[in-house]
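Everything below concerns the one structure shown next.
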There are 4 protein chains.
Amino acid sequence: MPRRVDREARREEILQAAVRVFARKGFTAARIDDVAAEAGIAKGSVYLYFDSRDALLAAVFDSYAAHSAGVLAARSQGSPLERLADLVSTTIQFLASHPDHARVLLDLWSSGPPLDMAAVYREYREAVAGLLREAHAAGELRPGIGERHATVIVGAIEGCLVQWLVDPSVPLAELADPVIELCLDGVRA
Amino acid sequence: MPRRVDREARREEILQAAVRVFARKGFTAARIDDVAAEAGIAKGSVYLYFDSRDALLAAVFDSYAAHSAGVLAARSQGSPLERLADLVSTTIQFLASHPDHARVLLDLWSSGPPLDMAAVYREYREAVAGLLREAHAAGELRPGIGERHATVIVGAIEGCLVQWLVDPSVPLAELADPVIELCLDGVRA
Amino acid sequence: MPRRVDREARREEILQAAVRVFARKGFTAARIDDVAAEAGIAKGSVYLYFDSRDALLAAVFDSYAAHSAGVLAARSQGSPLERLADLVSTTIQFLASHPDHARVLLDLWSSGPPLDMAAVYREYREAVAGLLREAHAAGELRPGIGERHATVIVGAIEGCLVQWLVDPSVPLAELADPVIELCLDGVRA
Amino acid sequence: MPRRVDREARREEILQAAVRVFARKGFTAARIDDVAAEAGIAKGSVYLYFDSRDALLAAVFDSYAAHSAGVLAARSQGSPLERLADLVSTTIQFLASHPDHARVLLDLWSSGPPLDMAAVYREYREAVAGLLREAHAAGELRPGIGERHATVIVGAIEGCLVQWLVDPSVPLAELADPVIELCLDGVRA
DNA sequence: GATGAATGAGTATTCATTCAT
DNA sequence: AATGAATGAATACTCATTCAT
């Protein structure tokens, strides 16, 4: 009778270990040995669950993309702009509370195909654009607001994330409100 | 001091070659051989001008930081908010027109110490915060606008940049106006 | 002793599976996993019947050597030269009808000690030399035929085998007669 | 000015070192380290001249195939059967005097595509068959001699080689005459 | 017996860096 | 200064073997 293991659970353990290591040293500097050590297993065992080092990064991407899709899918209540504020807030809180996962975004941005960060942002922009269209229909928007403003709203979130990743003294968790205020009403008196 | 000029010029040639190569393949995948070939010199000659492969990335960083400082130093005319709009616009146009340089930001973000991207963003935030303070003094701002909104404004720019880097179909050059509109007046009716 | 029979039978199954795998991919490229899969058992179970991967090749050798000894032991009727012709023919038919086994000879040749292919050929040469001595005593040989001609006769068989192994379009099964003709009468008019 | 080296010469040195190592340990057991050590250079330097370990074996094959073609191309004087005897003799002398090269044949036989030993033997058989046709035209052959006898003649040589490779006590160099005698006149009185 | 998850020693290959010319 | 051949440390990946279940 074979030794029993929950393959999915073990895979997930290794993946989380990889996320921690990647966050700590970056994907480029991370060695398979590091991941194995972090997971408390032998190097070769990593390969029982992932085909290659790159497959590990791809799995981190999938995991991030799934989380991201989850955030987009979570529909909140209220007016379109309230729901937009909610989406912004939820996203920022998620990123702020998963710093390791967020940190790996730096490597995902650089990694290029076959990992498709472009698709993640596209979906995000489309979700925001959809809410803006609803808001427009509800008469909540001033004239001239369109797709590109959706890009800017997504950008405001990501740009705050960048600054936090590069400088932990930037208080990401507290930037949700300023982002929302700016996106809704700007700074002008 | 003609030798001096030659040396600087040659160094700059190699640096620009490195920027092109890094932009094309990413720093991790870029080989000293690639840089040498792009610069049209022998591999060993790169080491006559740069101490190491990392020094090459550091030099790209310095070059970016210098450009960035230049943008911040360029004082424009007009009211504080006009000058803010100008800063945003100038920054985006600079990035959009230097795609190779911009692309290398992906690697600079990941690279960590001793390269100090944090300082670059800090200065940027301070410049924006300064303009906001001036605008506040001039009564151009609504109440409650502060440091964090400066972070968000810088973030809006960087976040648009991220999306463009990851997906060239995002029209960075055309996002200056939406960014300014959003930052100044938001989307709300 | 039913267990005993089972054990032998299972061992033989695995051995035959190994022969097929070795023939297909060569010993070097053959993995224990492949052999286990071909035998329809788990990888670890192979080790219940064979001490090591090399022991598997050794067992294939033993099996080949036993077959070979069987061919040598089979005494046919007729004059010495008729029996020589018979030996040649039997050998070639055996090899041609066991292509997997034959294919593994390529690896056995390369494998060196402790596998003793030299002994197999030595016995073969001695068998042929013995027949030649009998033929000589019977006055069937022309003068000057000796040990070395025995080597050449064995070589003619093996050399046809080599060509067939390397190029399946060589019709090994149809080479028995030409080999016999050549060895007995040569090509000269 | 670069360090001067004769690339071809250095490549050939490494190739010969590889032949010695492959002959000693077999290709499978031979490490790049062994080849480098035998050549008196650093491991990495091997890769300046050969793309991969397999490329090294391929180069040995090319070298063998070239020698082999050289032997076939060397046309001797005399009647067709005299020339056939010459070809046999030359081939055996070449193999006997290049034991390292010959030993590597064991690995070439096993190596399969893309190395094409089949082509080498095909050319050899064609050369022999050509001589047999000439001999037939000259009335030197008894009836019924054809392509397959060419295969057997080539086989007699290769089969002697096999026995020598597997058992150095087999006196390959002295087998040329017995091979020729057998092929021409057989053993029968 | 049977299993198959885990192990970790073993190696081909890459590439930044050096330095003889 | 310029070159590019040489170096060898670094590392992803493989797979025979073990052993807990």
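Every chain is numbered from 1, with letters handed out A, B, ... down the list of sequences.
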*State the dot-bracket string of DNA chain F. Criteria: Watson-Crick or G-U wobble, both atom distances under 3.5 angstrom; notation: ( ) intrastrand, [ ] crossing earlier pairs, | interstrand, . unpaired.*
.||||||||||||||||||||
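- Near-neighbour residues of DNA chain E inside residues 21-44 of chain A, defined by a heavy atom below 4.0 Å, number-ordered: A:I41, A:A42, A:K43, A:G44.
- Closest approach to the B:S45 side chain among F:dA2, E:dT13, E:dA6 is made by F:dA2 (side chain taken as heavy atoms from C-beta onward).
- Listed by chain and number, the residues in a side-chain contact (heavy atoms from CB on, under 4.5 Å) with D:A69 amount to none (sequence neighbours excluded).
- Every residue meeting the side-chain contact (heavy atoms from CB on, under 4.5 Å) condition with C:D100, not counting sequence neighbours, appears here in chain and number order: C:V19, C:R20, C:A23.
- For the side-chain contact (heavy atoms from CB on, under 4.5 Å) test, residues two or more places apart in sequence or in another chain that qualify with D:E12 are D:L15, D:Q16.
- The salt bridge (Lys or Arg N to Asp or Glu O under 4.0 Å) check on C:R24 picks up C:E38, with sequence neighbours excluded.
- The list of side chain to side chain donor-acceptor pair (under 3.5 Å) pairs with a residue in residues 39-61 of chain B, not counting sequence neighbours, reads B:D33-B:K43.
- Using modelled atom types, one side-chain atom of A:D34 and one backbone atom of A:R31 make a donor-acceptor pair closer than 3.5 Å.
- Checked by atom type and distance alone, the side chain of D:D107 pairs as donor or acceptor with a backbone atom of D:F27 at under 3.5 Å.
- Close to E:dA6, at under 4.0 Å from its OP1 or OP2, lies a side-chain N or O of A:Y49.
- With sequence neighbours left out, C:S63 forms a side chain to side chain donor-acceptor pair (under 3.5 Å) with C:H101.
- Rounding to whole angstrom units, CZ of residue A:R10 and P of E:dA5 are separated by 11 Å.
- A residue-by-residue look at A:L48 and D:Y47 shows that A:L48 has its nearest nucleotide of DNA chain E further toward the 5' end.
- Atom pair D:E8:CD and F:dA5:C1' shows a separation of 15 Å (rounding to whole Å applied).
- Near-neighbour residues of DNA chain E inside residues 50-63 of chain C, defined by a heavy atom below 4.0 Å, are absent.
- In terms of the side chain to side chain donor-acceptor pair (under 3.5 Å) criterion, B:R103 has no residue partners (sequence neighbours excluded).
- Qualifying salt bridge (Lys or Arg N to Asp or Glu O under 4.0 Å) partners for A:D167, counting only residues two or more places apart in sequence or in other chains: B:R125.
- Under the side-chain contact (heavy atoms from CB on, under 4.5 Å) criterion, D:A102 pairs with D:L95, D:L161, D:W164, D:L165, not counting sequence neighbours.
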